[in-house]
Structures are given as C-alpha cells and as structure tokens.
There are 2 protein chains.
Amino acid sequence: MTLPKSKTTISDVAKTAGVSNSAVSYALNGKPGVSEDTRAKVLDVAERLGWRPNSAAKALSDAKTHNVGLVLTYDTGVLSVESYTMELIAGLTAELETEGYSLLLRSSPSHVEERSILKEWIAAGAVDAVLIMNVELGDSRIDLFKEKPTVPALALCDASMAGGLPALADDEGGAAHLIVDYLHELGHEYIARIAGPEMLEHTFIRDNAFVDEAAELGLRYSCFHTDYSPQGGERCTRRLLSLPDRPTAIVYDNDVMALSSLQTIGKMGFRVPDDLSVVSWNDSFMCEVSRPTITALNRDVVRRGSKAATMLLSLIDGRQVESVQQEDNELIFRQSSGPLGVHPRRGQGHME
Amino acid sequence: MTLPKSKTTISDVAKTAGVSNSAVSYALNGKPGVSEDTRAKVLDVAERLGWRPNSAAKALSDAKTHNVGLVLTYDTGVLSVESYTMELIAGLTAELETEGYSLLLRSSPSHVEERSILKEWIAAGAVDAVLIMNVELGDSRIDLFKEKPTVPALALCDASMAGGLPALADDEGGAAHLIVDYLHELGHEYIARIAGPEMLEHTFIRDNAFVDEAAELGLRYSCFHTDYSPQGGERCTRRLLSLPDRPTAIVYDNDVMALSSLQTIGKMGFRVPDDLSVVSWNDSFMCEVSRPTITALNRDVVRRGSKAATMLLSLIDGRQVESVQQEDNELIFRQSSGPLGVHPRRGQGHME
DNA sequence: TTGTAAGCGTTATCAC
DNA sequence: GTGATAACGCTTACAA
C-alpha cells in the first residue's frame, strides 16, 4: 500500500502472456488445468520477467512461512567462545535449504524474553516450527507447545525432559560410560566433574548418568556445578585442588572450562596428565591445539543440526516424529589423560 | 486457505468488541480515528484474546517483512572453528531485536548458490535488507544491489571495494600499522605474513596496507596466501621456515592458522618467541589459552554486528547511510612475541 | 467517531 | 481449458 514496488507480480505475467491470473498460477505450480501451450507461454514470460512468488503473499495464502524459528539466548560470554551453536546453525541451515526453508533467528537476553518471543511467533504465525535448545528443568518454554498443537516444536534434550514434545537427544549415558570406563581402566579411583549449570536439563542427565556409572565401577566421584565460563571452571578447579583429598582426574562439561583450567592446574603445581588427568565432555578445535592437547568426547554437532532440521521438516509436514537419541559418541584420546602416576603427586595445592 | 487455523484475527477482536475492523486497526496501532472509549475497549479485548498481528498479512500489506537477510557460506572447515560469524550474528540479532527485526538465515555451499539466494530474496521480497560478508574482488553479489535500489544492502568490507554500496569496514591500515610498528620496535627486520585467500577483499586490503607499512619502516616482508584452515597455515609455515633465509616474525591472518602453526614451529625446532615471534591478526579465546599465549589484534566483532544492524535499519528506513570504518584495533601483547633474540637461532628447519 | 471497501499477491473454487 | 472471484489478515482511503 506504500510504494509502487517494482516487483513483478503474477498479474504482470498474466497480462503479458495474455491469460488470466489463475492460468498463470496453475502453470507455474505445475498443476493441471492449463493446456501445454499456455503453460509453456506462461513459463516463458515468467522467466523473462524474472517473476518469483512474493513470499508474504504466499505465506498468507497457504499459511506456511517456510521459516523455522530459533531464539539465541544471548549469553555474551559463552556464545562467542563455544562453537556449538555455530555448528548447530550450520547443520540446520544446510538441511533446511533442501526444502527451501530458512532459519529465522532472534536473540534474547534471558529466558523471560525468549518465552515472549516464542509466544509472539505462535500468535503471529511467523514460523512453521520451532527449535528449543538449552532446555532447563521445568522449562516454561516447553509448556507453550505441549498442549496446543499450533506450532510444532522440537526440543534439543533428552526425551524424558521434553514434556511429551519430540526430542533430539545426545547419548549422555553412553558418554558417561565411555569416559568413566576409560578413566577407570587407567587406574583412577577418584574422579571429579566440573559441570554446567545445575538447572540445565543437559547437566541433570549427565549428573545422573555419571553417578550411576561411577557407582557401578565402585569409584569415588564428586561434582561441582558452575556456569560453563572460563572463570567458573577455574574457580571450581582451584577449590577442588585445594582440598586435602584430591581427585586424580577431572572431567569438564565443556572445552572452555577444561582449557582455561589447564593454566590454573599448572599454576597450582600439578602436571597434566602425570598428576591429574583432564577430559572434556565436548570436543573442538581448541582441544587439538592446546598444550597439552585435551582428551575429549567428540560428537558431530553439525549433523545434530541437520538431523534436527529433518525432524522439524517432518513435523511441519504433519508427520508423526519419534524422539531420537544420537549415538555418535567418540572419545578422542589425547595428551591430557593418562594412567595414574606411580610417583606421589608433587603439587602443593597452594593458591597463587 | 488450508486449515481453519485457530489464530485470533483482527475480525475476531472486532466482533467481540462490537466494532469494525478498521476501528480495531486504528486502536491497536495507536492511530487517531477512534474515541478513547473504543480504543480502550479494543485494547482490552485484543489483550484478552491474545491477538497479535499475523506477520504474513502485515508483510503483505505494508511491504515490510521485518527480516534482514544473511547467507552463510557453508565452509565446513572454518565456520565451526572461527568464532567470527557467531559473534557477528550475536551482535546483529541483539541490535535488530530493538526494532523487532529478525535475522533470516540461509546457507549456501558456494558463491554461485549464494547469488541465486539473494536474487530470490530480492524477487520474492523476502527481506527488507541484506548483509553481504566475505566480499571478494569483483564480487558478483555486489552488482545485484548496485543499480536497482530494490533491496538495500550493506557490505562488510572496505568502502573502496563495495562498488558504491554502503560499507562497514575494519581499519586494516591502522591494524597493519600497529602490528608492523610493534614488531619493528622489537627489532625484527624481516617479517612474513601468512594470509587468507587472495581473492578476498579482506586479504587484498591487508596486503596493501602491510606492504606500505613495511616499506615505510624499511623492513623486509614476504607473504604467502592460503585458505585460513589449520592445514593451510601449517603448510605455509613449514615452507616458510624451510627457506635458507627465514623471517624472525610471522603474522597470521587468523587465529586458527596461528594456533595450529605453533605446533609446526615447535616440531621444526624453533622456539616462540625466542627464535620466532607469532602474531595473529584476530583475537579469540583460543589465543588466551594456548601455550604460549598468542599476541593478537583484538576487535569487538559483536559490536561490529550491532553496528551493521544499526546501519541496515537506517537503510530500511530509507535514510542515507555513509560508509563507516570502525577504529577499534587493539593489539593484545602476549607470550608469542618478543624482542629479537641475541642468540643465534638453533632451529634446523628440518621437515619431520 | 465510525464502518465499508479496496488493495497487497497468492491460491483455489467455481462457473463458463 | 479457461477466466472471474473469494479468501488469507491487515492497512488505509473514503463514506456515512
């Protein structure tokens, strides 16, 4: 209603081709109802005029936006340091591309705002489906999609925490098994874990899996929760290594904490892996180039993204989607972990 | 036209409030033309019914999608390793949020596909503006927006390379000055640079700036171009250090190459910084945690993103936008660089 | 102040 | 096989 936008519309094509609007629509959508002659003519004209269906009009008409929504929780510190979100987005967009879908991205400083963005999306019909990541215990976002089937949603978390929503999960049980078993075989008997925020579904699942696994093998296990940040990781590491009774291996819930803690560990006089083994629960380029390199649990996050996209596209198609757990854990052995040293630890545990 | 979507429309509100559609529209948009009584009633009803304007209808009606488009060049290797794109996106979305805009994301394996996505967006009116990143010399994407002012575009490159489009640039001249001067003062007389792809605008600008700066100070300078990847960086490093006449400092165009090359340098028997100083042209968390830590040029990429968003929003508003160069270079001095050693280098330059 | 109606660009239903 | 025409939900002249 504003400017006389110079876009080519279906009417322009119809006029030029000397046929009606509906003929054009049929022809362009490959539907029956037009003769081959007309179809050819229309296609030719449309091509020459560079016609493309207006997305807003199409969305209005067939109630499909061809957008999948994702809200980034804008956590300054971690977002830019971890590659997880970027890899996920890469996988998502690549797969959505196959069906001509786009990723609609917004960001929110907190969960409160995120919830209202989602409500906005639902009410405005701005997206055909939504991906929910970083699920928390009793996450209020889930409720938005649980009852009303207005907009399909996929939760990136364990199925048991998705409140009935279809979920795409990591195999945390398998991961815990892999890591704990490995450390056990190296001779470690007391393992600590420096974990992510306690209210994260993610963390909760790992907590349980780890406790189970440690119990099964008769290992001592203690766990500190923090916020995934370098500072948080270092603080917990310092506290942990200041205790009179120290673990011989630390598992970090992310690579950022593992990496930054290496320095702290060194400053406190411990050698890795001679005095202390370090394992990161997720892998990244950083684990390869750090000194020492870090043993880490590798998962294909890009593939996670494309799998999520596939599931979302199915949901949009109205198909039933079963929750999936991706079993692609692989522990990459690097320098930061090794057998329990025979020599007594020389670390003093002094704070700098 | 398909399902009887249970969304609340403006007509529902009108019916419930007992007024006409236009009254509702006026009331909800804060425009004159309705009495305060009616307005209050309408607002109340709309609130109770949870009404939100349908985005497709709104987009169709006022020819504004409230989307800004960005195409990710899906370069598997680098995208997930570098934090640049993620930080940019964080800044973009955070700023777009202030005006209720979203970032529409698609990905393309190559520049050919990217161009057609852009053409599609223009023809379909799917976005109100577009951000062009990773500009290449003679970039064909620029041409799409140069002549026709259908969709405003902002180029993330030097203004001289933007073909007349408004541009948001880094201060590469200042950066070269900072880095070369620093190395010069440390006593280095032969500096090498391992750069990004030659066809990137980015690289081109840096090449020139670096040559100028080196010439001014009478330094020797040589440059190898590669692809930003760890492997590319290592390969060039090895070649460079195998030469009989070696530089005493290497500047890497990104942190990924700098980091992975540290290992290569070590394997070849050189010590950093005693035998060789290493500087990275961009900073990241990785530069802080590597051993040794890496001297790097720090820029606020998140701020780059929000500045870009601000400019894009101005363009959408139809305002004239001047190209901007952000002058926030800061060289962070870390362990990887130092004065030219007085002792002869002990490196043998042997390949492993 | 209010309601009616046309228009945004599609798709789909109907007569012809 | 073809061309009007209504509908999607909203904005905005224009009448009443």
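These numbers come from the heavy atoms of this one structure, side chains and all, not from hydrogens, waters or symmetry mates. We name chains A, B, ... by the order of the sequence lines, and we start the count at 1 in each one.
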With hydrogens left out and only the distance checked, is there a donor-acceptor pair under 3.5 Å joining A/Ser61's side chain and the base of C/dT10?
yes
With B/Thr93 via side-chain hydrogen bond (donor to acceptor under 3.5 Å, both in side chains) - residues at least two apart
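With sequence neighbours excluded, B/Thr93 shows a side-chain hydrogen bond (donor to acceptor under 3.5 Å, both in side chains) to A/Ser107, given in chain and number order.
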Test of understanding: with side-chain hydrogen bond (donor to acceptor under 3.5 Å, both in side chains), list the residues that count as partners of A/Ser160, not counting sequence neighbours.
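With neighbours one apart ignored, the set is A/Asp158.
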So what is the end-to-end bend of the helix from C/dT1-D/dA16 to C/dC16-D/dG1, with 5 pairs used at each end and the value given to 10 degrees?
60°
Would you say CZ of A/Arg303 has more than 12 non-hydrogen atoms from neighbouring residues, nucleotides or ligands within 6.0 angstrom?
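No, CZ of A/Arg303 has 12 or fewer neighbouring heavy atoms, counting only those of other groups under 6.0 Å.
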Would you please confirm or rule out a distance under 4.0 Å between OP1 or OP2 of D/dG9 and any side-chain N or O of B/Lys7?
no
Counting only side-chain N and O atoms of B/Lys31, is one of them less than 4.0 Å from OP1 or OP2 of D/dT11?
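Indeed not, no polar side-chain atom of B/Lys31 lies that close.
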Output the rounded distance in Å from [atom1] ([X]) to [atom2] ([N]).
X: B/Asp62; N: D/dC10; atom1: CG; atom2: P; value: 12 Å
X: A/Leu28; N: C/dT11; atom1: CG; atom2: C1'; value: 12 Å
X: A/Asp12; N: C/dG9; atom1: CG; atom2: C1'; value: 10 Å
X: B/Asn29; N: D/dT11; atom1: CG; atom2: C1'; value: 8 Å
X: B/Ile10; N: D/dA7; atom1: CD1; atom2: P; value: 18 Å
X: B/Asn54; N: D/dG9; atom1: CG; atom2: C1'; value: 6 Å
X: B/Lys64; N: D/dT11; atom1: NZ; atom2: C1'; value: 14 Å
X: A/Lys58; N: D/dG9; atom1: NZ; atom2: P; value: 18 Å

Please list, pair by pair, any protein nitrogen or oxygen found under 3.5 Å from a nitrogen or oxygen in nucleotides 1-5 of chain C.
unit_1	atom_1	unit_2	atom_2	d
C/dT2	OP1	B/Thr38	OG1	3.0
C/dT2	OP2	B/Ser35	N	2.9
C/dT2	OP2	B/Ser35	OG	2.9
C/dT2	OP2	B/Thr38	OG1	2.5
C/dG3	OP2	B/Ser20	N	2.8
C/dG3	OP2	B/Ser20	OG	3.3
C/dG3	N7	B/Ser22	OG	3.0
C/dT4	O4	B/Ser22	OG	2.9

Listed by chain and number, what are the side chain to side chain contact (heavy atoms under 4.5 Å, CB included) partners of [X], not counting sequence neighbours?
X: B/Lys31; value: B/Tyr26, B/Asn29
X: A/Glu120; value: A/Arg106, A/Ala124, B/Arg52
X: A/Ala46; value: A/Val13, A/Leu28, A/Trp51
X: A/Ala162; value: A/Ala155, A/Cys157, A/Leu165, A/Ala167

Let me have the donor-acceptor pairs involving side chains of residues 18-25 of chain B, under 3.5 Å, with sequence neighbours excluded, atom names and distances please.
unit_1	atom_1	unit_2	atom_2	d
B/Ser20	OG	B/Ser22	OG	3.1
B/Ser20	OG	B/Ala23	N	3.3
B/Asn21	ND2	B/Ser11	OG	3.2

Selected nucleotide, minimal atom distance to B/Trp51 side chain, candidates C/dG9, D/dC10, D/dT11
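Between C/dG9, D/dC10, D/dT11, the one nearest the side chain of B/Trp51 would be D/dC10.
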Between A/Glu113 and A/Ser116, does any side-chain donor sit less than 3.5 Å from a side-chain acceptor?
no
